Enquirer: 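Below is the structure I would like to discuss, written out as structure tokens.
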Amino acid sequence: MTDELIKLIQVWDGQGVYMKYDKPTDTWFFIALHDPTLGYMAGGCRMKVYPTPADGLRDAMRLGRGMTHKWAAIDFHFGGGKSVIALSHPIEGQEREALLRRFGRMLRSLNGAYVTGVDLGTSPEDMAIVREAGKYVFGGEGHEDPGPFTALGVFSCIETTARHALGRDLNGVSVLIQGVGDVGEPLARMLAEAGAKLILSDLDQARASKLAAELGGSTVDPDKVPDTECDILAPSAVGATLNKDTIPRLRCRAVAGSANNQLEEDADAQRLHERGILYAPDYIVNAGGAMAFALFHEGKLSGEEVNDRIRKIGDSLDRILGEAKERNESPVHAATRRVEQVLGQH
Ligand code: PHE
């Protein structure tokens, strides 16, 4: 186990990892500090059961790197970092509260070099506990949950993607949402409103069925997602769902969703491009939550103004997809150039 952690650290391109073992619950805390070029590092806190601590560290590192790209792509002055609370078994109730408090103390010891917030597996209530113990948490003032803001950005990017890949608006376009949680659910509501045909999937199948019954739409088993025909696939839960096994099976025209790190490896961008599937880079599509938190943190804009800014993410994606089309390349390359340009100016 220790060997695996060391190997991961040896090949990482970030600034450092701050880690701690929580003995009472057999949990690992990992804070992956990726890149402080643009400012102090900010990114959410993911909490879930991982098969091994190394899987948790790997996720933290990949997510931290994703945050560097996300902030740079939207030209916001924060650095990239992310934390993972890697559980060995599910933890609820008072034990969870105490665990979050201990994580908060660890966070506090960084004294603001890294600021966190909600991510997959953590709730606004969890973050309120971390804030009490650890101070450095984005959100608060009634804006604790980034989900609806992320969903709004994803929605505007799905509109842009439909225009590019299908030449039409969302009315009648089939969208498969893989994961109807904190982001996937509000996204489904917006898509239904716009007349899209919904196909919903979730590990919690009852959750997907209930939402499909409410909004109109069908459901599909989680393992059947890659083989299901749809216009746009929207991965909206865990990462690495686009890889060398799933990409050849895909039956969609485009991918645009909220999950972080959708590509398992860099080569997957080319695999999608060669199959003629338009891939909207995840860290642009899902930047709405980060953007909202940053804007509320500055405290200058109203809720409606923040929403307007988020809707413009669709325009940024439009430019990236346009550039990629001109050069006949994966949009990942156009997005990466943008990130490198922003980082290079500082
Ligand atoms: N976890 C979300 C993301 O990955 C929102 C978030 C952004 C939370 C920045 C905290 C800080 O974008």
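Just so we're clear, the structure is a prediction, and the values are computed from it rather than from any experiment. When a ligand or atom number is given, it counts from 1 through the structure's own listing order.
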Enquirer: Any idea which part of Phe78 is under 4.0 Å from ligand 1, heavy-atom wise: side chain, backbone, both or neither?
Expert: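 Within the 4.0 Å criterion, Phe78 makes no contact with ligand 1.
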
Enquirer: Between Glu214 and Lys210, does at least one N-O distance fall below 4.0 Å, as a salt bridge requires?
Expert: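 Salt bridge: no.
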
Enquirer: Does a salt bridge link Glu265 with Arg62, judged by any charged N lying under 4.0 Å from a carboxylate O?
Expert: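 No salt bridge links Glu265 with Arg62.
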
Enquirer: Check if Trp71 has a non-hydrogen atom at a distance under 4.0 Å from any atom of ligand 1.
Expert: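 Right, Trp71 reaches ligand 1.
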
Enquirer: Counting from 1, what ligand 1 atoms have a heavy atom of Gly117 closer than 4.0 Å?
Expert: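 Per the distance check, 10 (C).
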
Enquirer: Using a strict threshold of under 4.0 Å (side-chain N to carboxylate O), is an ion pair present between Lys224 and Asp227?
Expert: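 Judged by the 4.0 Å cut-off on N to carboxylate O distance, Asp227 and Lys224 do not form a salt bridge.
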
Enquirer: Under a 4.0 Å N-O cut-off, is there an ion pair linking Asp126 with Arg96?
Expert: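 Salt bridge present between Asp126 and Arg96.
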
Enquirer: Is Glu305 salt-bridged to Arg309, cutoff N-O under 4.0 Å?
Expert: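 Salt bridge between Glu305 and Arg309, a charged N being under 4.0 Å from a carboxylate O: no.
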
Enquirer: With respect to Lys82, determine whether any N or O atom, backbone or side chain, lies less than 3.5 Å from an N or O atom of ligand 1.
Expert: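 For ligand 1, there is an N or O atom that lies under 3.5 Å from one belonging to Lys82.
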
Enquirer: Asn286 to ligand 1: N or O pair under 3.5 Å?
Expert: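 No - when backbone and side-chain N and O of Asn286 are compared with those of ligand 1, no distance drops under 3.5 Å.
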
Enquirer: Do Arg337 and Glu323 sit within salt-bridge range, that is, some charged N less than 4.0 Å from a carboxylate O?
Expert: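 Counted as a salt bridge, because a side-chain N and a carboxylate O are separated by less than 4.0 Å.
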
Enquirer: Which atoms of ligand 1 sit under 4.0 Å from any heavy atom of Gly43?
Expert: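 Per the distance check, 9 (C), 10 (C), 11 (C).
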
Enquirer: Give the atom numbers and elements of ligand 1 that come within less than 4.0 Å of a heavy atom of Asn260.
Expert: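 So the answer, numbered in order with elements, is 4 (O).
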
Enquirer: Under the ring pair (Phe, Tyr, Trp, His ring centres under 6.0 Å) criterion, do Tyr40 and Tyr114 qualify, and how do the steps go?
Expert: CA-CA 6 Å; Tyr40 61 81; Tyr114 165 74; 9.6 Å; no

Enquirer: Can you sort out which atoms of ligand 1 are near Phe138, meaning under 4.0 Å from one of its heavy atoms?
Expert: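 Numbered from 1, ligand 1 contributes 11 (C).
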
Enquirer: Which atoms from ligand 1 have a heavy atom of Asp119 less than 4.0 Å away?
Expert: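 Going through ligand 1 atom by atom, the ones under 4.0 Å from Asp119 are 1 (N), 2 (C), 4 (O).
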
Enquirer: Nearest protein heavy-atom contact for atom 3 (C) of ligand 1: which residue, which atom, what distance?
Expert: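 Answer for atom 3 (C) of ligand 1: Lys70 NZ, 3.3 Å.
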
Enquirer: At what distance is the nearest protein heavy atom to atom 10 (C) of ligand 1, and which residue and atom is it?
Expert: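 In this structure, atom 10 (C) of ligand 1 has Gly44 N, 3.5 Å as its nearest protein heavy atom.
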
Enquirer: Considering both backbone and side-chain atoms of Val118, is one of its nitrogen or oxygen atoms within less than 3.5 Å of a nitrogen or oxygen in ligand 1?
Expert: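 Yes, at least one N or O pair falls under 3.5 Å.
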
Enquirer: What residue among Val115, Val130, Ile129, Val118 forms side chain to side chain contact (heavy atoms under 4.5 Å, CB included) with Val137?
Expert: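 The side chain to side chain contact (heavy atoms under 4.5 Å, CB included) with Val137 is passed solely by Val130 among Val115, Val130, Ile129, Val118.
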
